[in-house]
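Contents: one structure, followed by commentary.
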Number of protein chains: 2
Amino acid sequence: MTQKFEFLSKNQQIIYDIIENAKEPLKAYSILYSVKKKGIKAPPQVYRALDRLIKMGKIHKIESKNAFIACKNSNCTISNATAFSICDSCEAITEISNLKLSKYLANFQDDTGMRYNKYNLEFFGLCRKCKKNKS
Amino acid sequence: MTQKFEFLSKNQQIIYDIIENAKEPLKAYSILYSVKKKGIKAPPQVYRALDRLIKMGKIHKIESKNAFIACKNSNCTISNATAFSICDSCEAITEISNLKLSKYLANFQDDTGMRYNKYNLEFFGLCRKCKKNKS
DNA sequence: ATCGCTATGTTATATTATAACATATTTAAT
DNA sequence: ATTAAATATGTTATAATATAACATAGCGAT
Ligand SMILES: [Zn+2]
Ligand SMILES: [Zn+2]
Ligand SMILES: [Zn+2]
Ligand SMILES: [Zn+2]
């Protein structure tokens, strides 16, 4: 297992498990609802865990959806370079793990010469299934 | 003037003018506050205008900041391909208009062969000024 | 044992965004 | 000009997302 030596606190572990086992990105309040039975009762508890999991690179936030997804990409445990594929029809979301793309973007500098240490890219289109259904 | 032949309704024009003249991206409720004197009183009026301006490509939403910025990039009046540079320190935000980048991303296909008709990219780093101030 | 740091618990509130419905205005067809 | 459809606006209420502020608990290092 590519298990990094990073400990999760109790709440962090509870919340990570839920996100990790979900089939789709989860919203903060849906997470809150799921963890009520585990004793986590209030939004700050959820948001604090989310913040830390993001900083650790264990999860990412899909900004255009306000939803959280577990990182399946052992490369980006630093959470500073993320790319997602989002289907406009069924909302299926997957993390893109493409070395050429990440290299291209990590090395990108704009016309003023500014360099970046972090990026987030969200692609939208129709996934295979939805494209088929339309044709 | 590269004035496109697209009419803005009264509220759309009021709200576009404010965003266009702002030095930085504006939040919806700060726009609402600014336009109270023009008779726009409620959030839905602002959000509706924002939605339509976005669809027209006249403005873009900075997803990571929930803020709205006028498009200065005559290319992207279709709003389907956006890239921004965001300074982590002073929050300066500018739209990146780089032909190589936009071509690369428009033609990108992931490992499953999926193609995209829209993307949004947000780069983070330190702008020139902030980098200087740190050194 | 005490200090400093991190995590947690809790209440209240701030911020962002939409639902739902009524009315008005514009556009296009008859 | 009359009507119908489509678009835009006005209005109230509420939903959804996120943070402030403060109190308490746990834990590791000196
Ligand atoms: Zn990842
Ligand atoms: Zn799909
Ligand atoms: Zn633009
Ligand atoms: Zn700066």
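Below, chains carry the letters A, B, ... as their sequence lines are ordered, and counting in each starts from 1. It should be emphasised that the depicted structure is a prediction, and the values quoted were computed from it without experimental measurement.
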Sort me out a list of protein N/O and nucleotides 24-29 of chain C N/O pairs below 3.5 Å, or just none if empty.
none

ring-ring contact (aromatic ring centres under 6.0 Å, His included) contacts in which one or both residues fall within residues 92-112 of chain A, not counting sequence neighbours:
Tyr104(A)-Tyr104(B), Phe108(A)-Phe123(B)
Under the ring-ring contact (aromatic ring centres under 6.0 Å, His included) test, residues paired with Tyr33(A) that sit two or more places apart
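In terms of ring-ring contact (aromatic ring centres under 6.0 Å, His included), with neighbours along the sequence ignored, Tyr33(A) is linked to no residue.
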List in chain and number order the residues that pass side chain to side chain donor-acceptor pair (under 3.5 Å) with Asp110(A), two or more places apart in sequence or in another chain; answer none if no residue qualifies.
Thr112(A), Tyr116(A)
With sequence neighbours left out, what residues match Ser30(B) under side chain to side chain donor-acceptor pair (under 3.5 Å)?
none
I'd like to compare against my own output: the B/S/- annotation of nucleotides 6-19 of chain C with a strict under-4.0 Å heavy-atom distance to protein.
-SBBBB----BBBB
With a 3.5 Å cut-off and sequence neighbours excluded, list the donor-acceptor pairs that the side chains of residues 13-29 of chain B form with protein atoms.
{"residue": "Gln13(B)", "atom": "NE2", "partner": "Asp17(B)", "partner atom": "OD1", "Å": "2.9"}
{"residue": "Lys27(B)", "atom": "NZ", "partner": "Lys65(B)", "partner atom": "O", "Å": "3.1"}

Please report, to 0.1 Å, the donor-acceptor pairs under 3.5 Å made by any side chain of residues 42-54 of chain A, with sequence neighbours excluded.
{"residue": "Gln45(A)", "atom": "OE1", "partner": "Lys41(A)", "partner atom": "N", "Å": "2.9"}
{"residue": "Gln45(A)", "atom": "OE1", "partner": "Ala42(A)", "partner atom": "N", "Å": "2.9"}

Degree of bending, the helix from dA1(C)-dT30(D) to dT30(C)-dA1(D) (end axes from five pairs; round to 10°):
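Roughly 30° between the end axes, to the nearest 10°.
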Is Glu122(A) reaching over with its side chain to a backbone N or O of Ala83(A), donor-acceptor style, under 3.5 angstrom?
no
Residues sharing Ile86(B)'s hydrophobic cluster, by side-chain heavy-atom contacts under 4.5 Å among ILVMFWY, directly or via others?
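Members alongside Ile86(B): Ile62(B), Ile69(B), Phe84(B), Ile93(B), Phe124(B).
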Return the value, rounded to whole Å, for the distance between atom OH of Tyr33(A) and atom P of dT17(D).
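My rounded result for the distance is 16 Å.
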Once side-chain contact (heavy atoms from CB on, under 4.5 Å) is applied, do any residues pair with Lys37(A), and if so which ones, sequence neighbours excluded?
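For Lys37(A) there are no side-chain contact (heavy atoms from CB on, under 4.5 Å) partners, ignoring immediate neighbours.
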Those residues that, when tested against Glu63(A), pass salt bridge (charged side-chain N to carboxylate O under 4.0 Å, His left out) (two or more places apart):
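Applying salt bridge (charged side-chain N to carboxylate O under 4.0 Å, His left out) to Glu63(A) gives Lys61(A).
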